[in-house]
Amino acid sequence: MIHIKPFSYKPGEHEAEAASNSYLMSVIAIVVGLPLPIINLIATLIFYFGNRKSTYFVRWHCSQALVSQISMLFINSFGFWWTISIIFTDATISNRYIAYMITAIVFNLTEFIATIYTAIQTRKGIHVEWWFYGALTDIICKS
């Protein structure tokens, strides 16, 4: 899922800190707005816009964090609204609901662990690409 790859240059201390913070924004947002899936995306989006004119290393990692949060928004929103429909309507908990929620929890835990690992590595100046998101980020973020 995670691939450590050499970057075109050695990022400076400030760059490594800013890139690491792009991942930490989503972790902090999880703590603050856990039941609302949009909070993570908004926090990461604000950080992205604040750093979109920064160096390539920082922009690249802000973009990867943003792309991962966009996909997590869809997974979490579906589960959130399905849960709300069960609570406030006549819908019942089914095997499909339980399977989806288990899958969503696994995706969220995997993303959470990968985010913390990536934040630590980028803080050291190490370029970390996530499977699937890294290729998308390469397309989105031009040097």
Side-chain angles (χ1 to χ4, degrees), residues 1-88 91 93-143:
M1 180 175 155
I2 296 176
H3 177 50
I4 296 176
K5 188 173 162 184
F7 203 66
S8 57
Y9 67 93
K10 176 74 174 150
E13 182 70 24
H14 184 276
E15 291 176 88
E17 182 178 0
S20 176
N21 288 343
S22 67
Y23 297 103
L24 292 178
M25 287 302 295
S26 65
V27 173
I28 292 169
I30 288 171
V31 174
V32 173
L34 188 60
L36 299 174
I38 191 81
I39 301 296
N40 295 358
L41 180 64
I42 291 170
T44 308
L45 191 62
I46 289 169
F47 197 81
Y48 170 80
F49 281 128
N51 289 289
R52 69 176 182 245
K53 294 187 182 196
S54 191
T55 64
Y56 179 63
F57 185 78
V58 175
R59 281 186 294 121
W60 195 95
H61 284 284
C62 286
S63 299
Q64 180 170 261
L66 182 62
V67 169
S68 73
Q69 287 303 312
I70 289 170
S71 67
M72 293 309 294
L73 175 72
F74 291 113
I75 292 169
N76 293 338
S77 291
F78 189 78
F80 175 79
W81 290 112
W82 196 349
T83 303
I84 293 297
S85 72
I86 289 172
I87 293 170
F88 293 111
I93 296 175
S94 64
N95 287 340
R96 295 172 83 190
Y97 173 77
I98 293 170
Y100 185 84
M101 294 310 287
I102 290 171
T103 304
I105 289 169
V106 168
F107 273 104
N108 277 279
L109 283 174
T110 303
E111 196 264 345
F112 183 76
I113 292 166
T115 298
I116 291 174
Y117 174 79
T118 306
I120 291 168
Q121 294 303 313
T122 54
R123 182 66 178 97
K124 296 176 186 175
I126 299 170
H127 180 65
V128 179
E129 288 187 11
W130 293 7
W131 175 81
F132 183 71
Y133 300 126
L136 283 175
T137 304
D138 284 338
I139 294 168
I140 294 169
C141 190
K142 303 294 181 196
S143 57

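We number each residue from 1, following the sequence as shown.
The line from CD1 of I86 to CD1 of I93 is 5.0 Å long, rounded to the nearest 0.5 Å. To the nearest 0.5 Å, atoms CD (Q69) and CD1 (I42) are separated by 11.5 Å. Atoms CG and OG, from N51 and S63 in turn, are 10.0 Å apart once rounded to the nearest 0.5 Å. Going from atom CZ of F57 over to atom NE2 of H127 covers 7.0 Å, rounded to the nearest 0.5 Å. Annotation: the span from Y133 atom OH to I70 atom CD1 amounts to 10.0 Å, rounded to 0.5 Å. Taking CH2 from W82 and OG from S94, the interatomic distance works out to 5.0 Å, rounded to the nearest 0.5 Å.
Put simply, the side chain of S77 never gets that close to the backbone of F74: no donor and acceptor are under 3.5 Å apart. Of the possible donor and acceptor atoms, one in the side chain of Q64 sits under 3.5 Å from a partner among the backbone N and O of V128.
Taking the side chain as every heavy atom from C-beta outward, T115 and L24 never approach each other to under 4.5 Å. Counting heavy atoms from C-beta outward, E129 and W60 have side chains that approach closer than 4.5 Å. For the pair F47 and C62, the minimum side-chain heavy-atom distance is below 4.5 Å.
Between S20 and T122, the closest heavy-atom pair is CA-OG1, 3.3 Å.
Heavy-atom neighbours of Y56 OH from other residues, nucleotides or ligands within 6.0 Å: above the threshold of 12.
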Dump the intermediate steps for side-chain hydrogen bond (donor to acceptor under 3.5 Å, both in side chains) on S68 and W130, then the final yes or no. CA-CA 9 Å; S68 73; W130 293 7; over 6 Å; no
Would N40 and V27 count as a side chain to side chain contact (heavy atoms under 4.5 Å, CB included) if you check the C-alpha gap in whole Å, the side-chain angles of each, and the deciding distance to 0.1 Å? CA-CA 8 Å; N40 295 358; V27 173; over 6 Å; no
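Pairs passing the salt bridge (charged side-chain N to carboxylate O under 4.0 Å, His left out) check and including a residue from residues 13-26, sequence neighbours excluded, read E13-R123.
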Run the side-chain donor-acceptor check on residues 95-104: report pairs under 3.5 Å with partners two or more places apart or on a different chain.
| from | atom 1 | to | atom 2 | distance (Å) |
| --- | --- | --- | --- | --- |
| Y97 | OH | T83 | OG1 | 2.7 |
| Y100 | OH | I75 | O | 2.9 |
| T103 | OG1 | A99 | O | 2.8 |

